[in-house]
Amino acid sequence: MDQSRLPDCSILLLAGGRGQRMGGQDKGLIEWHGKPLVAWLHAIARPLTDDLLVSCNRNQERYAPFADRLVGDDEPNFPGPLAGIRAGLAAARHSWLMIFPCDAPLIDKALVAQLYAAAQDEPDTPIMARRGDQWEPLFCIIPVSLACAIETAWHAGERSNREILLALGARSLDLDENDPRLANLNSPNLL
């Protein structure tokens with residue numbers, strides 16, 4: 001096995017939204033410094049897993065080069081990031097699923113390593129990034145064993161990844177309040 005790979009960890013890049021703040025454009029495919037946003041995350045994640053997933057609900061042919069497998073929501077009308085996370089959990093081949101949004105191109109290997117190390121300390125517990133008091137629920141790592149509990153919460157009407165993970169005892173990976181790696185470039189003026 002490649003020594004740089006994270007043992008037993010699938011990685012999911014969330015690119016399945018409707019891109020409302022981008023005027024309906026597919027955020028992961030918007031160019032930033034000459035590359036689509038998803039390409040920046042792919043460059044970090046690709047060497048770290050043999051199970052790289054992209055959650056997308058359109059433009060599958062354009063996302064395919066950035067993933068081992070594509071997953072999509074099982075409900076129409078873009079029900080939110082939790083739908084993509086559910087699809088990722090169902091498809092993951094490893095015991096852990098690490099999740100990042102496609103519009104966060106400043107993620108680095110150090111952040112991935114921090115999340116993974118925190119998960120190893122709490123093997124049955126989801127880990128979410130947190131900046132000060134602000135949870136960052138789309139920067140997380142979830143034990144795949146929690147998929148059933150997440151499904152149960154979904155079918156009970158919960159749509160917030162943050163709320164579900166907190167209910168499941170999520171621990172925080174505490175980061176600096178101004179950590180630039182968590183910057184979401186999710187509107188034209190932020191690009």
So Arg159 and Ile164, side-chain contact (heavy atoms from CB on, under 4.5 Å) or not? Walk me through it. CA-CA 8 Å; Arg159 295 298 180 262; Ile164 288 176; over 6 Å; no
Rounded to the nearest 0.5 angstrom, the CG-OG distance for Leu82 and Ser160 is 8.0 Å
Does the side chain of Ser95 come within less than 4.5 Å of Val144's, by heavy atoms? no
Write down the atom of Gly88, the atom of Leu12, and the distance for their closest heavy-atom approach. CA-CD2, 4.0 Å
So do the side chains of Asp68 and Arg46 get within less than 4.5 Å of each other, counting heavy atoms only? yes
Going from CZ on Arg181 to NZ on Lys109, what distance comes out if it is rounded to the nearest 0.5 angstrom? 14.0 Å
Any side-chain heavy atom of Ile150 within less than 4.5 Å of one from Leu168? yes
Can you check whether Asp50 reaches Arg93 side chain to side chain, under 4.5 Å on heavy atoms? yes
Between Trp96 and Thr125, which heavy-atom pair has the shortest distance, and what is it? CZ3-O, 4.0 Å
Among Leu14, Val71, Leu13, Leu41, find the residue that satisfies the side-chain contact (heavy atoms from CB on, under 4.5 Å) test when tested with Val54. Leu13
Let's go through Ile107 and Phe139 carefully: what are the C-alpha distance in whole Å and the side-chain angles of both, what is the deciding distance for side-chain contact (heavy atoms from CB on, under 4.5 Å) to 0.1 Å, and is it a yes or a no? CA-CA 10 Å; Ile107 287 169; Phe139 298 82; 3.8 Å; yes
Output the distance between atom CD1 (Ile11) and atom CZ (Arg5), rounded to the nearest 0.5 Å. 10.0 Å
Would you find more than 12 non-hydrogen atoms of other residues, nucleotides or ligands less than 6.0 Å from Glu151 atom CD? yes
Where do Ser10 and Ala92 come nearest, in terms of heavy atoms and distance? OG-CB, 3.7 Å
Test item: Asn161 side-chain N/O and Pro137 main-chain N/O as donor-acceptor pair under 3.5 Å: yes
Does any non-hydrogen side-chain atom of Phe100 lie less than 4.5 Å from one of Leu115? yes
Using side-chain heavy atoms (C-beta onward) and a distance below 4.5 Å, is Leu182 in contact with Leu106? no
Taking it one step at a time, do Thr49 and Leu6 satisfy side-chain contact (heavy atoms from CB on, under 4.5 Å)? CA-CA 6 Å; Thr49 185; Leu6 301 176; 6.0 Å; no
Derivation of the salt bridge (charged side-chain N to carboxylate O under 4.0 Å, His left out) call for Asp179 and Arg131: CA-CA 8 Å; Asp179 193 323; Arg131 293 192 280 183; over 6 Å; no
Salt bridge (charged side-chain N to carboxylate O under 4.0 Å, His left out) assessment of Asp51 paired with Arg69: CA-CA 8 Å; Asp51 193 28; Arg69 291 175 295 140; 2.5 Å; yes
How long is the straight-line distance from OH of Tyr116 back to CG of Leu111, given to the nearest 0.5 Å? 15.0 Å
What's the shortest heavy-atom distance between Ala129 and Leu175, and which atoms? CB-CD1, 3.9 Å
For Asp124 and Pro143 the tightest heavy-atom approach is C-CG, 3.7 Å
Could you check whether any side-chain heavy atom of Ile99 comes within less than 4.5 Å of a side-chain heavy atom of Ile141, counting everything from C-beta outward? no
Rounded distance [0.5 Å steps], CG in Leu48 versus CE in Met98: 8.0 Å
Can you name the closest pair of heavy atoms from Ser55 and Gly84 and give their distance? OG-CA, 3.4 Å
To the nearest 0.5 Å, what is the distance between NE2 (His94) and SG (Cys9)? 8.0 Å
May I ask you to test the Cys102-Leu37 pair for a side-chain heavy-atom distance under 4.5 Å? no
